[in-house]
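Inspection log for the structure reproduced underneath, given as structure tokens.
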Amino acid sequence: MSTKQRVFSGVQPTGEMHIGTYLGAFRNWVRLQDEYDTIYCIVDQHAITLPQDPDDLRRNRIAGAKVLLATGIDPERALVYAQSYVPQHAELSWLLGVMTPMGVLNRMTQYKDRLAQGHAANLGLFSYPVLMAADILIHRANLVPVGDDQKQHLEMTRDLAERFNNRYGDIFPIPEPLIPETAARVMSLADPTSKMSKSDENVRSRVGIVDPPDVVVKRIKSAMTDSEPTVRYDPEHKAGISNLLEIMSAATGRSIDDLVAEFGDSGYGTFKLAVADALVDLLTPIRERYNELDDGDIVKVLADGAERAEAQAEHYMREVRTAIGLNKL
Ligand code: LTN
């Protein structure tokens with residue numbers, strides 16, 4: 001077995017993947033393949049904690065995996081599969097659930113946000129972080145690349161692993177967060193004080209990873225800015241322009257200072273076109289690969305991945321069941 005550290009992360013197959021997810025996560029996932037034993041999971045059981053149309057869910061699962069491969073995730077190196085194909089996730093989630101205090105789940109900010117957004121509370125939405133803990137622990141992952149919004153869930157995962165180990169012996173490694181040096185935090189183009197989100201009803205708030213160039217240009221041109229004409233970095237007073245600077249910096253690798261030096265006085269129109277150009281350059285190879293990939297091949301990648309993931313998960317689950325006293329005699 002490989003001695004590399006193991007990395008696990010997941011992405012929900014809900015709607016179109018946008019540049020925030022690419023620049024904040026996938027781009028880093030691609031790099032991690034070189035150094036780690038990587039597992040990337042399409043977490044469709046998490047997706048259904050909010051209502052999903054069945055056909056959309058099937059479609060989004062394929063499209064999501066296709067985007068992953070198009071960005072450079074290589075199924076020969078990384079394990080790519082869908083959560084629902086591997087029943088051990090749900091099984092371990094139950095076993096961890098009996099060790100999870102209600103009070104801990106009640107304090108989860110994502111859960112509280114969902115309720116504040118008006119979603120009806122359901123048991124799955126409440127225990128979402130327990131399923132996430134199961135995703136990570138089922139593979140004995142050591143490292144988990146997550147953004148700020150998932151840190152609390154990862155913290156809870158660590159606590160659960162420790163509680164389990166204290167009670168039943170040393171079974172799970174305690175997973176560490178992996179915060180990339182270069183993760184961009186991309187904000188909404190329509191409201192640059194909130195994160196770019198695929199659940200935002202306003203499609204003008206985002207750029208899709210596989211959007212064609214004319215759409216990229218249109219979205220960037222219509223991005224909300226302010227009325228003072230200088231391009232400078234000031235997230236508090238100039239959230240829109242600062243977001244565009246972040247995006248261009250992430251897309252080109254150039255520093256914000258460097259961009260401000262070039263575009264400071266060039267006017268918003270010129271600057272926006274430069275941002276759009278940089279994004280088109282970044283996204284074009286990804287879009288081309290995406291268009292070449294065939295749905296049938298993706299279905300096969302997910303099936304093969306699930307087979308390998310299930311074998312690994314089942315191997316570890318035997319030990320877990322035995323530790324708890326739930327093994328078949
Ligand atoms: N909740 C995460 C997706 C997710 C995940 C995971 C991430 C589900 N299971 C395990 C890391 C590890 C999200 O919405 N970004």
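What you are looking at is a predicted structure, and each value in this text was computed from that prediction instead of being measured.
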ask   = Would you say Leu32 and Asn28 make side-chain contact, with heavy atoms under 4.5 Å?
value = yes
ask   = Would Glu162 and Arg167 count as a salt bridge (charged side-chain N to carboxylate O under 4.0 Å, His left out) if you check the C-alpha gap in whole Å, the side-chain angles of each, and the deciding distance to 0.1 Å?
value = CA-CA 9 Å; Glu162 270 166 14; Arg167 197 176 295 179; over 6 Å; no
Single-linkage hydrophobic cluster, 4.5 Å side-chain cutoff, Val301 and Ile286 together = yes
message = Pairing donors with acceptors under 3.5 angstrom, does anything connect the side chains of Gln152 and Thr109?
response = yes
request  = Going by the side-chain hydrogen bond (donor to acceptor under 3.5 Å, both in side chains) test, name the single residue among Gln83, Gln12, His89 that passes it with His46.
outcome  = Gln83
task = Check whether any side-chain heavy atom of Val7 lies under 4.5 Å from a side-chain heavy atom of Pro145, and answer yes or no.
result = yes
inquiry  = Tell me every residue that passes side-chain hydrogen bond (donor to acceptor under 3.5 Å, both in side chains) with Lys66, counting only those two or more places apart in sequence or in another chain.
reply    = Asp295
ask   = Counting N and O atoms only, with roles assigned by atom type, does the side chain of Lys272 sit under 3.5 Å from a partner on the main chain of Gly267, one being a donor and the other an acceptor?
value = no
ask   = Is the side chain of His139 donor-acceptor paired with the backbone N or O of Ala141 at a distance under 3.5 Å, no angle test?
value = no
inquiry  = Ring centroids only, cut at 6.0 angstrom: are Phe126 and Tyr111 within range, meaning strictly under it?
reply    = yes
inquiry  = Less than 6.0 angstrom separating the ring centers of Phe164 and Tyr168, yes or no?
reply    = yes
ask   = Taking Ser266 for the side chain and Phe263 for the main chain, is one N or O donor matched with an acceptor at less than 3.5 Å?
value = yes
ask   = How many angstroms lie between CD in Glu91 and CG in Leu95, if you round to the nearest 0.5 Å?
value = 5.5 Å
ask   = Should Tyr316 and Ile171 count as side-chain neighbours, where that means a heavy-atom distance under 4.5 Å?
value = no
request  = State, without any angle test, whether Asp226 and Tyr268 hold a side-chain donor-acceptor pair at a distance under 3.5 Å.
outcome  = yes
inquiry  = If you apply the rule salt bridge (charged side-chain N to carboxylate O under 4.0 Å, His left out), what do you find for Asp159 with Arg163, and how did you get there?
reply    = CA-CA 6 Å; Asp159 291 344; Arg163 187 165 307 136; 5.7 Å; no
task = Indicate whether the side chain of His315 and that of Gln312 have a donor and an acceptor atom separated by less than 3.5 Å.
result = no
request  = Would you check if His237 and Glu228 make a side-chain contact, meaning some heavy-atom pair closer than 4.5 Å?
outcome  = no
message = Given 3.5 Å as the limit, does a donor-acceptor pair link the side chain of Arg287 with the main chain of Val210, or not?
response = no
key: Interatomic spacing from CE in Met17 to CG in Leu68 - rounded to 0.5 Å   = 6.5 Å
query = Judged by atom type as modelled, is there a donor-acceptor pair below 3.5 Å linking the side chain of Arg219 to the main-chain atoms of Arg206?
reply = yes
request  = Indicate yes or no for a side-chain donor-acceptor contact from Gln33 to the backbone of Gly72 under 3.5 Å, with no hydrogens or angles considered.
outcome  = yes
task = Count the heavy atoms of every other residue, nucleotide or ligand shown that sit under 6.0 Å from CG of Asp258, and state whether that count exceeds 12.
result = yes
Side-chain donor or acceptor of Asp44 paired with backbone N/O of Ala47 under 3.5 Å = no
request  = Report yes if the side chains of Asp135 and Cys41 come closer than 4.5 Å at any heavy-atom pair, otherwise no.
outcome  = no
Donor-acceptor pair between Glu307 and Tyr81 side chains, under 3.5 angstrom = no
query = Taking atom types as modelled and ignoring hydrogens, do the side chains of Thr193 and Asp191 form a donor-acceptor contact shorter than 3.5 angstrom?
reply = yes
query = At what distance, to the nearest 0.5 angstrom, does CZ of Arg232 lie from OG of Ser242?
reply = 8.0 Å
ask   = At what distance, to the nearest 0.5 angstrom, does CG of Leu131 lie from CH2 of Trp94?
value = 13.0 Å
ask   = Would you say the side-chain atoms of Thr252 pair up with the backbone N or O of Arg254, donor to acceptor, closer than 3.5 Å?
value = yes
query = Does the side chain of Gln150 pick up a donor-acceptor pair with the side chain of Gln110 at under 3.5 Å?
reply = yes
request  = For the residue pair Asn142 and Glu176, establish whether any side-chain heavy-atom pair is separated by less than 4.5 Å.
outcome  = no
query = Any chance CE of Met224 has more than 12 other-residue heavy atoms, nucleotides or ligands included, within less than 6.0 Å?
reply = no
request  = Using the side-chain contact (heavy atoms from CB on, under 4.5 Å) rule, pick out the option among Val186, Ile220, Leu259 that qualifies with Leu244.
outcome  = Ile220
key: 4.5 Å side-chain heavy-atom contact, Lys151 and Ile179   = yes
inquiry  = Heavy-atom count check: over 12 atoms from other residues, nucleotides or ligands less than 6.0 Å from Gln117 CD?
reply    = yes
request  = Please report the shortest heavy-atom distance between Pro13 and Asn60, naming the atom on each side.
outcome  = O-CB, 3.2 Å
Charged N-O contact under 4.0 Å between Glu319 and Arg140 = yes
task = Please state whether the rings of Trp29 and Tyr40 are parallel, tilted or perpendicular, taking 30° and 60° as the class boundaries.
result = parallel
Solution key, residues 273-281 side-chain donor-acceptor pairs under 3.5 Å, sequence neighbours excluded:
none

NZ/NE/NH1/NH2 to OD/OE distance under 4.0 Å, Arg77 and Asp37 = no
inquiry  = For Asp55, is there an ion pair with Arg58 - N to carboxylate O distance below 4.0 angstrom?
reply    = yes
task = Give the minimum heavy-atom separation between Ala78 and Ile73, together with the two atoms involved.
result = CB-CG2, 4.0 Å
key: Test log, rule salt bridge (charged side-chain N to carboxylate O under 4.0 Å, His left out), inputs Arg321 and Glu314   = CA-CA 10 Å; Arg321 290 185 206 112; Glu314 178 57 19; 2.8 Å; yes
ask   = With no hydrogens and no angle check, is any side-chain donor or acceptor of Thr100 less than 3.5 Å from a backbone partner on Leu96?
value = yes
ask   = Heavy atoms, side chains only, cut-off 4.5 Å: are Leu143 and Pro175 in contact?
value = no
